[in-house]
Amino acid sequence: MKREPGFLHILARLMLVLLVLYLSWTAAYFITAAIYSRMSWAFHDLFVFLINATLGFFFFGIISMTVRRFIQPREQHAFTEMIDALKRISQGDFHINLDWDLGGRNGKHRRPHPYVQLVDSINDMAANLKAMEKLREEFISNVSHEIGSPLTSIIGFAKALKDENLDREQRDRYLSIIETECIRLSKLSDNLMKLAILDSERHPFRPSLYRLDKQLISLILACEPQWEAKKIEMTVEVDIVEVNADEDLMGQVWVNLLHNAIKFTPQGGSISVSLSSNGDQAVICIADTGQGINEQDQQRIFERFYKADQSRARTAGGSGLGLSIAYKITEMHTGSISVSSKVGEGTVFTVMLPLRQKVMKGSSNCEMYNGTVI
């Protein structure tokens, strides 16, 4: 059914060509007949037929050339514009928006002309490249800012250390700041390298069946010094779940989310981690009682380096790449990650991963650990 308009269009053009050809032959027949009637002798029928056919094709050629002179300049102009647009795109100018009407393009019945499709493709390509260029410029600007700030601090305090009149306490404080900024640069470099490898798809992806509940509990216990230091109540409720995923990559996701939750949960707050199955998916929720993120910022929280005023406290001391890495890894596993938050009430990150096998329910695997439900 989708090919019918194209077939009718070709058939109509064929009928038009035949009509013009018949009219040309008809005109040639009457013209030669008028000439022959004035002559005293008659030509052979074959010779008359050949003359009529030749003259008819001659008229047909004249009509075709006349019509082409009205159509070709328009198509030639459009073709020239497309070549110029492609040259501009190759030179880095993506502000391209070709608008060429081939009769009815902006109307209800759009003609299926190949140039129209080509123009649309060029416009789409320019728009996509423009968006990518904008993201690249923002990325470079953010990287420059994230690197420039600690470097400026390091240079400033390194110069201050040259002062021989500094006492031991000031010197140690300056050295601690320099050490902190160096660690920050190191983490930024490591995260950028991880993102570059994940984007290039050169990172080894080795999915295997493993117990997701055991991995979550192990990582939570590894973070115990951090949440115990802030007297955070850690509640974990997990079912026995097996997933087919890359254990190392998914470990990075849980570490990033757990560190964020611990970092931005206030003293004496609480964090809850839950794991369950929903059909053919594993559902992991990590909730905290932190400051929360407003609705507008939630839509961009997974963008690289994104820091909004309301969510800046959540990325304090970080580079804003942790959630981007978590999003990328989850996407590689054909899963999803989402955020739900209310300012002043806390934040919930939900990760959904596809399962390869059915989950064995077992809520009895929770146990007490240092007074905290594990």
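Between the K214 side chain and the I240 main chain, no donor and acceptor come within less than 3.5 Å of each other.
The number of heavy atoms from other shown groups lying within 6.0 Å of OH (Y327) does not exceed 12. In this structure, E169 places its CD atom where only 12 or fewer heavy-atom neighbours from other residues, nucleotides or ligands lie under 6.0 Å away.
Here the side chains of N244 and L355 are not in contact, with every heavy-atom distance at 4.5 Å or above. Residues I178 and E181 have side chains not in contact (no heavy-atom distance under 4.5 Å, counting atoms from C-beta outward). At a threshold of 4.5 Å between non-hydrogen side-chain atoms, the residues T265 and Q291 do not count as touching. Put simply, the side chain of F302 reaches to within 4.5 Å of the side chain of V339, judged on heavy atoms. Side-chain contact between T235 and I271 is absent, with no heavy atoms from C-beta onward closer than 4.5 Å. Considering only heavy atoms from C-beta on, I122 stays 4.5 Å or farther from D120 through its side chain.
Donor-acceptor pairing under 3.5 Å is lacking for the side chains of D248 and Q252. For Y210 and Q215, the side-chain atoms include at least one donor-acceptor pair closer than 3.5 Å.
For the atom pair L323 CG and L257 CG, the distance stands at 6.5 Å (nearest 0.5 Å).
Taking the six-membered ring where the residue is Trp, the centroids of W25 and F60 are separated by 6.0 Å or more.
Salt bridge absent: D167 and R171 never bring a charged side-chain N and a carboxylate O closer than 4.0 Å.
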Open item on the list: Walk me through whether I220 and W254 qualify under side chain to side chain contact (heavy atoms under 4.5 Å, CB included).
Closed with: CA-CA 9 Å; I220 291 171; W254 313 132; over 6 Å; no
